Amino acid sequence: DADEMLAAYEDVADRTTDLRLAKALREEIYERPRARMVQYRLAVLATLEGGNALLSTLPAVTPD
């Protein structure tokens with residue numbers, strides 16, 4: 001039925017918009033902490049010498 005298809009399309013469009021807004025909010029919330037983690041990681045890498053065992057425990061800020 002055309003009405004059902006239109007309703008389903010509108011539902012998908014609404015959910016897509018909601019998802020886009022949720023992702024934008026997530027990025028806004030994590031922007032400052034992520035920047036701070038990058039600064040921390042760079043400071044640790046600059047402070048410790050190349051063979052230091054602690055470098056192997058330093059997690060990546062973002063997945064590879």
Side-chain angles (χ1 to χ4, degrees):
D1 185 32
D3 291 336
E4 290 176 7
M5 289 180 66
L6 179 60
Y9 172 80
E10 289 173 348
D11 187 43
V12 169
D14 289 344
R15 290 175 189 237
T16 301
T17 300
D18 291 346
L19 181 60
R20 191 177 314 119
L21 292 173
K23 286 181 179 180
L25 178 60
R26 178 194 65 195
E27 292 303 313
E28 183 179 328
I29 290 171
Y30 287 111
E31 182 179 354
R32 291 182 67 200
R34 185 180 298 121
R36 185 59 117 183
M37 288 186 284
V38 168
Q39 290 173 348
Y40 173 79
R41 183 174 173 78
L42 291 173
V44 169
L45 291 172
T47 303
L48 298 177
E49 295 184 18
N52 193 310
L54 290 175
L55 290 177
S56 64
T57 66
L58 190 60
V61 175
T62 57
D64 291 333

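Each residue takes its place number in the sequence, starting with 1. Note that the structure is predicted; figures quoted are calculated from it, not measured.
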Hey, can you pull the donor-acceptor pairs under 3.5 Å for the side chains in residues 46-61, sequence neighbours left out?
{"from": "Thr47", "atom 1": "OG1", "to": "Ala43", "atom 2": "O", "distance (Å)": "2.6"}
{"from": "Asn52", "atom 1": "OD1", "to": "Leu54", "atom 2": "N", "distance (Å)": "2.8"}
{"from": "Ser56", "atom 1": "OG", "to": "Ala53", "atom 2": "O", "distance (Å)": "2.7"}
{"from": "Thr57", "atom 1": "OG1", "to": "Leu54", "atom 2": "O", "distance (Å)": "2.7"}

Kindly list each side-chain donor-acceptor pair under 3.5 angstrom involving residues 31-39, sequence neighbours excluded, with atom names and distances?
{"from": "Arg34", "atom 1": "NH1", "to": "Glu27", "atom 2": "OE1", "distance (Å)": "3.4"}
{"from": "Arg36", "atom 1": "NH1", "to": "Gln39", "atom 2": "OE1", "distance (Å)": "3.0"}

Cluster companions of Leu21 among Ile, Leu, Val, Met, Phe, Trp, Tyr (side-chain spacing under 4.5 Å): none
